[in-house]
2 protein chains.
Amino acid sequence: MGNESIWPPSADVMTNPELACPISPLTDIVFSKWTTPILWSLHTFGRQRFVELERRIKTITPKVLTQRLRQLERDGLVVRTYHPEVPPRVEYEISELGRSLGPLFAHLAVWANTNLDNVEQARRHYDNAAPAHDAR
Amino acid sequence: MGNESIWPPSADVMTNPELACPISPLTDIVFSKWTTPILWSLHTFGRQRFVELERRIKTITPKVLTQRLRQLERDGLVVRTYHPEVPPRVEYEISELGRSLGPLFAHLAVWANTNLDNVEQARRHYDNAAPAHDAR
DNA sequence: CAGCATCCCACGCGATACTG
DNA sequence: CAGTATCGCGTGGGATGCTG
């Protein structure tokens, strides 16, 4: 099991600002708003039609769903299949690249399940004992 | 060993919409804009002053840096220490909770290093062979 | 059904200037 | 140094209405 020295980062990171924070690009790709529910749904429930995703995610509007699906398709995380029928039918499925996010999502889910409460608690503590940002 | 059935999700997820996508809350907490560079910097280089972070991240403005640091402090991911001196000195360090993101960030960095090229390639392929979204 | 077009609005960010 | 205050704007998202 190789792959050492991703953490902590190498000395290059110390000097080359371009190498700083290798994960920030992921923010726009997989952590834009609505993208994780979409990927999660496709990864969990498999190939789905547009309206299925729309109903599953519930509060999303079709416009935004289309936008995010286009982005995910462009980034190679989702595959769109158009069936020229009447009425038209379009199916979305997660790609191989998208599927490679699986372990990562599992990891994220574990962290969320174990630590989200702590975040909530920290927020409550901060909110009722910090009128200003003074450090007592 | 252990920790099974986070992936794939349980049957509850199928029926209870509230359980859908357990990782989407993380988007606002750790994947807001500028948060990953901040956490990365604090995790990598340890305790730092405000101006150190400002210089390290370079393109961030002090206003936004303050906003994100406040949010991270409120969420319990970062600890702020104020030293009443002249000139004033404030130090930020990652908290225990924030440090628990370490393995996650390493995981994310691995994925980024191995798959970011694929995303770039997919984008190029999409851009010059898809004038409209027809599915030939 | 699966969208696109349009209008509108709020928020987040950037730039600038100013304090304790 | 470590912020705060203010202004302005661009982008993303919501709502609505309309097509093939």
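Order of the sequence lines sets the chain letters (A, B, ...), proteins ahead of strands, with each chain counted from 1.
Ranking C/dC4, C/dC1, C/dA2 by closeness to the A/Thr66 side chain, first place goes to C/dC4. Among the nucleotides D/dA2, C/dG14, C/dG3, the one closest to any side-chain atom of B/Val51 is D/dA2.
In this entry the distance linking CG of A/Leu69 with C1' of C/dC4 reads 14 Å, nearest Å. Atom-to-atom, CD of A/Glu52 to C1' of C/dG3 comes out at 16 Å; the value is rounded to the nearest Å. When the C1' atom of C/dC1 is taken as reference, atom CZ of A/Arg49 falls 6 Å away, rounded to whole Å. In this structure, A/Phe50 atom CZ and D/dG20 atom P are separated by 18 Å, rounded to whole Å. Counting to the nearest Å, the P atom of D/dA2 and the CG atom of B/Leu65 are 10 Å from each other.
Applying the 4.0 Å criterion to OP1 and OP2 of D/dG3, one finds that B/Tyr92 has a side-chain N or O inside that range. Put simply, A/Thr61 has a side-chain N or O that comes within less than 4.0 Å of OP1 or OP2 on D/dG14. Remark: B/Arg68 is in phosphate contact with C/dC13, judged by side-chain N or O atoms under 4.0 Å from OP1 or OP2. At the phosphate of D/dG3, OP1 or OP2 sits under 4.0 Å from a side-chain N or O atom of B/Arg70.
Residue-level contact check: B/Pro88 touches the bases, meaning some heavy atom is under 4.0 Å from a base atom.
Annotation: proximity of residues 28-37 of chain B to DNA chain C (heavy atom, distance under 4.0 Å) is found for B/Lys33, B/Trp34, numbered in ascending order.
Contact check for B/Ser32 versus A/Phe31: no side-chain heavy atoms found under the 4.5 Å cut-off.
No N or O donor and acceptor, one from the side chain of B/Lys63 and one from the base of D/dG3, sit under 3.5 Å apart.
Residue B/Glu96 qualifies as open at atom CD: its count of foreign heavy atoms under 6.0 Å is 12 or below.
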